[in-house]
Amino acid sequence: MSTLLQEIEAQIAGVKTSVAKQNVGTVREIGDGVAKIEGLTDVMLNEMIDFGNGIIGLALNLEETEVGAIILGDYTSIKEGQEVRTTGKLLQVPVGKGLLGRVVNSLGQPVDGKGPIKSDVSYPVEKIAPGIIKRKSVNQPVQTGIMAVDAMIPIGRGQRELIIGDRSTGKTTLGVDAMINQARINQAADAAGDKDTRRLYNIYVAIGQKQSNVARVVSVLEEAGAMPYTIVVVASASDSATNQYLAPFAGAAMGEWFMDNGMDALIIFDDLSKHATAYRQVSLVLKRPSGREAYPGDVFYLHSRLLERSARLGEKYGNGSLTALPIIETQLGDVSAYIPTNVISITDGQIYLETDLFYQGIRPAISVGLSVSRVGSAAQIKAMKQVAGRVKLELAQFRELAAFAQFGSDLDAKTQAQIERGKRIVEIFKQSQYKPIPIEVQVAVLWAGQNGYFDDIPVDRVKHAQAKMTDYLTNRKTDLMAKIAKEKALSDALTADLKAAVTEFKQTYK
Amino acid sequence: MKISKQARREAKQVFRICLANGTLDPNRVRQVVQHIIVQKPRGYVGILSHFERLVILEEHRRTAKVESAVPLSPELQSTVQNSLERVYGNGLNISFSQNPSLIGGMRIQVGSDVYDGSVQARLNALQESF
Ligand SMILES: Nc1ncnc2c1ncn2[C@@H]1O[C@H](COP(=O)(O)OP(=O)(O)O)[C@@H](O)[C@H]1O
Ligand SMILES: [Mg+2]
């Protein structure tokens with residue numbers, strides 16, 4: 001035994017003093033943020049390459065005679081003939097709660113001037129998505145606070161729901177509203193010392209947007225008190241295509257940390273159209289072959305491996321989740337372009353925003369007929385199911401009837417009543433930006449609408465009446481609202497209370 | 001010059017013909033180049049330049065550069081040669097040279113693998129750790 005020990009001790013001592021093997025290469029060509037490197041025979045895909053002076057490259061193309069690497073940071077100081085070496089490490093970003101409240105770049109470095117990030121854990125930017133065994137089906141809601149979404153296109157934790165529409169249709173606003181609502185719920189739970197409510201943390205990834213737009217989103221989040229629950233990852237239009245390409249993966253890594261640690265996170269990719277453009281640019285300088293609309297052939301795989309990383313984990317794996325809201329910007333409503341069709345096919349449904357509706361004043365401009373959530377209804381709370389179960393169909397019917405009614409005026413009383421009701425429901429679903437509505441208020445107001453309490457109010461006064469009713473219910477019927485929020489279902493007793501409250505309100509409302 | 005895919009593929013095939021037991025056979029290389037120059041197949045210039053590149057890379061892969069601050073004794077040279085051949089197989093082109101900037105110790109490069117045991121490398125590592 002002792003001789004064996006002596007033997008291996010000698011060997012281990014030898015290892016300690018011996019020289020570590022390194023793998024090096026020579027820069028053969030440099031340009032557009034991409035280096036072609038000869039050598040580096042041991043390099044791995046997505047491995048960080050050390051260019052010296054703190055400059056890091058990422059090996060993206062492994063070819064027979066050379067390695068193509070994208071440079072993260074300033075590439076102007078890199079010279080042809082320079083020696084570089086492998087690091088044995090995949091690209092990583094810091095993760096953890098220390099990032100909450102911060103604005104960082106694609107490498108997780110702060111860009112908000114608030115000092116260094118407190119984090120002692122890093123995650124690789126590219127990670128294999130959780131397998132089927134670890135996953136659980138979606139059954140807990142993400143309350144977006146947007147009544148049209150929570151009632152008709154419910155989203156569950158771990159789901160991937162696409163937000164799609166032309167420019168300036170309110171896509172970003174929808175995402176921001178959802179984040180503000182999480183902060184509102186978290187704040188309330190924090191204030192009440194409630195440990196049972198599962199907090200939902202936000203990650204907002206801004207890709208290829210103007211700095212001023214990102215700054216606006218950050219200030220809205222700050223004003224709403226949402227930043228303490230939010231991480232913002234920015235690769236703006238002025239950043240390199242490389243950084244824009246990496247940003248959503250970095251954000252996903254930060255989200256995965258919450259999921260792996262039994263927590264819930266919501267990630268918004270704003271937007272993947274610009275991400276695809278950045279990837280096309282990176283691929284072109286890497287001289288990869290391109291296909292449809294000049295995108296490289298693997299752009300589909302790019303987005304599917306990104307969105308596959310959101311999931312709901314089973315109890316055995318900590319019960320965490322990562323919900324993704326990718327955003328796609330269409331051109332003139334063309335959803336059949338390459339990138340939109342790809343992302344539609346990967347996600348669990350879409351919220352489709354229409355320019356026409358937006359200019360008609362129907363905001364959020366959600367096209368109810370074209371929007372779906374394929375898995376979210378399993379996560380919808382029962383009370384909402386009870387009041388909103390038929391509303392989507394009714395609204396669709398109303399649109400048809402309304403279109404038909406334009407041609408003839410001879411409508412029977414029943415159809416007329418249906419149209420009048422429809423007009424009011426459309427009003428109820430209108431919602432101004434940055435004002436998410438608590439789920440119990442949504443339930444109560446929808447119940448009132450469905451049961452004809454708005455029928456005698458002129459259409460142009462519905463919004464006013466709704467605001468007053470909301471006011472009345474939140475301030476004067478606090479217990480009832482708390483009960484609905486807690487029981488999450490409308491029992492006969494609760495329904496009777498709600499009926500009494502709404503009737504009382506109607507008597508005072510002028 | 002842009003070399004077509006076809007030319008690359010053919011260069012690769014020709015390169016494989018030149019390998020004997022995993023190492024490049026100089027005679028075959030000469031023969032093959034002669035043959036292509038005489039026959040002038042379609043895109044032969046591209047084939048030749050890509051072939052040249054493959055040969056250069058292969059040579060590089062089989063070349064060991066041993067640098068030391070002071071000249072190595074013949075015994076030490078053969079020890080180094082033996083250890084390198086144990087790892088990389090026979091048929092390495094080993095060159096020994098002197099490089100005073102290493103200050104002390106040795107730096108060995110085989111292809112893209114580097115074993116840097118020089119004093120200079122340690123000083124660099126120390127500097128980076130600050
Ligand atoms: N529900 C809403 N009510 C009123 N204005 C809205 C609403 N949603 C969006 N807007 C306004 O519409 C404009 C475009 O919204 P934005 O979310 O930036 O669109 P997109 O991200 O689709 O380009 C913004 O000025 C925003 O303030
Ligand atoms: Mg936007």
Side-chain angles (χ1 to χ4, degrees), chain A residues 11 13-29 31 35-44 47-57 59 61-69 80-89 284-291 296-297, chain B residues 1-5 7-16 46 49-68 79-80 83-84 86-88 102 104-125 127-130:
Chain A
Q11 275 181 4
V15 170
K16 276 183 186 154
T17 53
S18 80
V19 180
K21 176 173 137 183
Q22 284 185 335
N23 203 256
V24 300
T26 314
V27 177
R28 205 164 76 89
E29 220 183 291
K36 295 277 169 80
I37 302 160
E38 230 162 49
L40 292 184
T41 44
D42 287 352
V43 75
M44 300 177 285
E47 183 175 343
M48 288 198 272
I49 298 172
D50 185 356
F51 282 80
N53 296 325
I55 300 173
I56 294 290
N61 258 24
L62 306 188
E63 285 166 20
E64 192 190 356
T65 56
E66 63 193 16
V67 174
E80 275 164 34
Q82 182 183 332
E83 190 178 276
V84 301
R85 55 182 190 199
T86 59
T87 60
K89 276 189 256 163
L284 285 177
V285 286
L286 282 168
K287 299 208 171 59
R288 290 184 177 172
S290 52
Chain B
M1 188 187 97
K2 178 115 179 71
I3 302 169
S4 73
K5 247 193 190 145
R8 281 170 199 273
R9 206 174 310 128
E10 281 168 16
K12 186 89 199 289
Q13 275 170 4
V14 172
F15 179 76
R16 269 201 224 101
S49 54
H50 192 61
F51 178 73
E52 187 187 355
R53 194 158 149 65
L54 292 174
V55 172
I56 291 172
L57 288 175
E58 178 61 19
E59 285 280 293
H60 180 66
R61 214 168 60 77
R62 305 295 305 159
T63 302
K65 257 172 61 188
V66 181
E67 289 174 287
S68 53
T79 318
V80 169
S83 346
L84 285 177
R86 248 201 332 272
V87 179
Y88 291 95
L102 298 180
M106 253 189 273
R107 183 188 197 270
I108 304 175
Q109 175 160 7
V110 188
S112 61
D113 290 345
V114 170
Y115 305 83
D116 200 336
S118 69
V119 174
Q120 185 58 56
R122 283 173 202 205
L123 287 177
N124 285 346
Q127 193 179 14
E128 267 170 40
S129 72
F130 290 136

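Only heavy atoms go into these numbers, but all of them, side chains included; no hydrogens, no water, no symmetry mates. Labels below follow one simple rule: chain letters A, B, ... track the order of the sequence lines, proteins then strands, and each chain is numbered from 1.
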Chemist: Can you tell which part of Leu54(B) gets under 4.5 Å to a heavy atom of chain A, answering side chain, backbone, both or neither?
Modeler: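 Leu54(B) touches chain A through side-chain heavy atoms alone.
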
Chemist: Using a strict 4.0 Å threshold on nitrogen-to-oxygen distance, state whether Arg8(B) and Glu64(A) make a salt bridge.
Modeler: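 Not counted as a salt bridge, because no side-chain N and carboxylate O are separated by less than 4.0 Å.
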
Chemist: Per the side chain to side chain contact (heavy atoms under 4.5 Å, CB included) rule, which among Asn23(A), Asp42(A), Thr26(A) passes with Ser112(B)?
Modeler: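 Only one option passes, and that is Asn23(A).
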
Chemist: Find the distance between NZ (Lys21(A)) and CD1 (Ile108(B)) and round it off to the nearest 0.5 Å.
Modeler: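 It comes to 12.5 Å.
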
Chemist: Under a 4.5 Å cut-off applied to non-hydrogen side-chain atoms, are Val24(A) and Gln109(B) in contact?
Modeler: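 Result yes, sub-4.5 Å side-chain heavy-atom pair found.
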
Chemist: In terms of heavy-atom proximity below 4.5 Å to chain A, should His60(B) be classed as side chain, backbone, both, or neither?
Modeler: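 Neither part, no heavy atoms under 4.5 Å.
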
Chemist: With rounding to the nearest 0.5 angstrom, report the OG1 to CD1 distance, Thr65(A) to Ile56(B).
Modeler: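 Between Thr65(A) OG1 and Ile56(B) CD1, I get 11.0 Å after rounding to 0.5 Å.
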
Chemist: With the threshold set at 4.0 Å, does a side-chain nitrogen-carboxylate oxygen contact exist between Glu38(A) and Arg53(B)?
Modeler: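 So Glu38(A) pairs with Arg53(B) through a salt bridge.
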
